[in-house]
There are 2 protein chains.
Amino acid sequence: MIVLDLKDARPLYEQIVERFKQLILRGVLSEDEKLPSVRTLAMELAINPNTIQKAYGELERQEFIYTVKGRGNFVSPVGRLREARKEELREQMRSVVREGEAIGMTVREFVELLEQMEPEGRKEHRT
Amino acid sequence: MIVLDLKDARPLYEQIVERFKQLILRGVLSEDEKLPSVRTLAMELAINPNTIQKAYGELERQEFIYTVKGRGNFVSPVGRLREARKEELREQMRSVVREGEAIGMTVREFVELLEQMEPEGRKEHRT
DNA sequence: TAAGTGTATTATCACTCCTAGTACACTTAG
DNA sequence: CTAAGTGTACTAGGAGTGATAATACACTTA
């Protein structure tokens with residue numbers, strides 16, 4: 001479920017946060033599903049419990065999970081989180097295009113790139 | 001020309017590298033133009049010369065500038081660099097779209113987002 | 001020759017990441 | 001109730017990085 005890359009420059013706790021956010025947004029982990037306990041996951045990944053605690057703390061702060069003392073950490077409702085992430089992706093896309101334009105690329109060029117990705121793009125796809 | 005953000009989490013030398021790469025790719029700095037000397041820029045930014053040296057070293061390693069000992073640092077030919085950056089942007093775009101699709105967005109949605117950015121998008125723009 | 005240039009070295013400080021160990025309060029299964 | 005499992009908090013220390021400070025050397029050019 002969680003895989004660490006020790007060669008990665010990013011801190012371990014950050015990799016863990018990133019991975020769980022992915023799993024939650026994509027629905028691999030369901031709403032109210034219980035996450036591995038701090039100590040359990042620390043054992044599995046062979047790292048210090050404090051590092052897991054830091055990751056979970058960050059996930060809770062960002063509202064991806066919620067905590068019940070004595071019971072564990074659980075996945076938050078995903079709706080709002082997913083919408084927020086979508087808006088982030090839209091902004092990233094705009095940012096990429098703006099930089100591209102600054103060095104000579106065109107919006108057209110990007111649109112065509114996207115249309116090549118489209119799986120069902122061969123029929124008439126104008127309204 | 002170069003502006004530092006001390007509140008930025010990224011290292012100073014990295015901010016400097018980033019900024020010069022931008023200026024070079026966008027043609028604000030011309031081919032063979034001389035960069036500020038290590039000591040001069042350090043004075044202007046009120047930071048340590050070693051930090052500038054580290055930034056310039058990185059820029060040289062990435063072939064954005066070339067060095068002539070005793071003379072200074074100069075902007076490299078920009079053609080290849082610009083093409084490489086374009087390919088990076090294309091890949092970033094694909095990456096954004098792939099993640100978007102994983103959480104329920106569609107290529108169509110992204111295309112429409114792009115077309116809203118297009119400055120000349122109101123005429124018939126289908127071939 | 002003197003000034004300006006890149007380059008290298010050593011030392012030091014501050015901060016972050018991670019580990020290690022310990023302790024406490026809460027919840028739940030037995 | 002008790003024990004095990006849970007989150008949480010704290011202190012301490014090691015390792016690495018970013019930045020500073022000071023100095024020195026070789027090269028180029030006016």
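In the text below, chain A, chain B and the rest are named by the order of the sequence lines, each starting its count at 1.
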Problem set entry | Worked verdict on B/Glu83 versus B/Arg80 for salt bridge (charged side-chain N to carboxylate O under 4.0 Å, His left out) | CA-CA 5 Å; B/Glu83 287 313 310; B/Arg80 246 166 23 106; over 6 Å; no
For this session: Mind running salt bridge (charged side-chain N to carboxylate O under 4.0 Å, His left out) on A/Arg98 and A/Glu101 for me, showing each step along the way?
Result: CA-CA 5 Å; A/Arg98 277 194 299 267; A/Glu101 285 183 303; over 6 Å; no
For this session: Quick one: do A/Arg94 and A/Glu87 satisfy salt bridge (charged side-chain N to carboxylate O under 4.0 Å, His left out)? Show the steps, please.
Result: CA-CA 11 Å; A/Arg94 290 189 208 100; A/Glu87 186 47 42; 3.6 Å; yes
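With a cut-off of 3.5 Å on both pairing distances, the Watson-Crick or G-U wobble partner of D/dT29 is C/dA2. Under the Watson-Crick or G-U wobble criterion, with both distances below 3.5 Å, C/dA11 is paired with D/dT20.
The nearest heavy atom of DNA chain D to A/Tyr56 and to A/Asn50 marks one nucleotide each, and the one closer to the 5' end goes with A/Tyr56. When each of B/Arg39 and B/Asn48 is assigned the nucleotide of DNA chain D bearing its nearest heavy atom, the one mapping closer to the 5' terminus is B/Asn48.
In this structure, B/Arg10 atom CZ and D/dA19 atom C1' are separated by 17 Å, rounded to whole Å. The CE-C1' distance, from B/Met43 to C/dG4, rounds to 14 Å in whole Å. Atom P of nucleotide D/dT20 and atom CG of B/Leu4 are separated by 9 Å, given to the nearest angstrom.
Taking the side chain of B/Lys34 as heavy atoms from C-beta on, and the options C/dT5, C/dT19, C/dT7, the nearest nucleotide is C/dT5. Here D/dT20 is the nucleotide among D/dT20, C/dT7, C/dC17 with the atom lying nearest to any side-chain atom of B/Ile47.
In this structure, A/Asn73 reaches the sugar-phosphate backbone alone: every heavy-atom distance under 4.0 Å involves primed, P, OP1 or OP2 atoms, never a base.
Relative orientation of the B/Phe20 and B/Tyr56 rings is perpendicular, given thresholds of 30° and 60° on the angle between their planes.
Between B/Ser37 and C/dG4 there is no side-chain N or O to OP1 or OP2 distance below 4.0 Å. The side chain of A/Thr67 contributes no N or O atom lying less than 4.0 Å from OP1 or OP2 of D/dG7. The side chain of A/Lys69 contributes no N or O atom lying less than 4.0 Å from OP1 or OP2 of C/dT27. The shortest distance between the side-chain N/O atoms of A/Lys54 and the OP1/OP2 oxygens of C/dC18 is not below 4.0 Å. Between A/Thr40 and D/dT6 there is a side-chain N or O to OP1 or OP2 distance below 4.0 Å.
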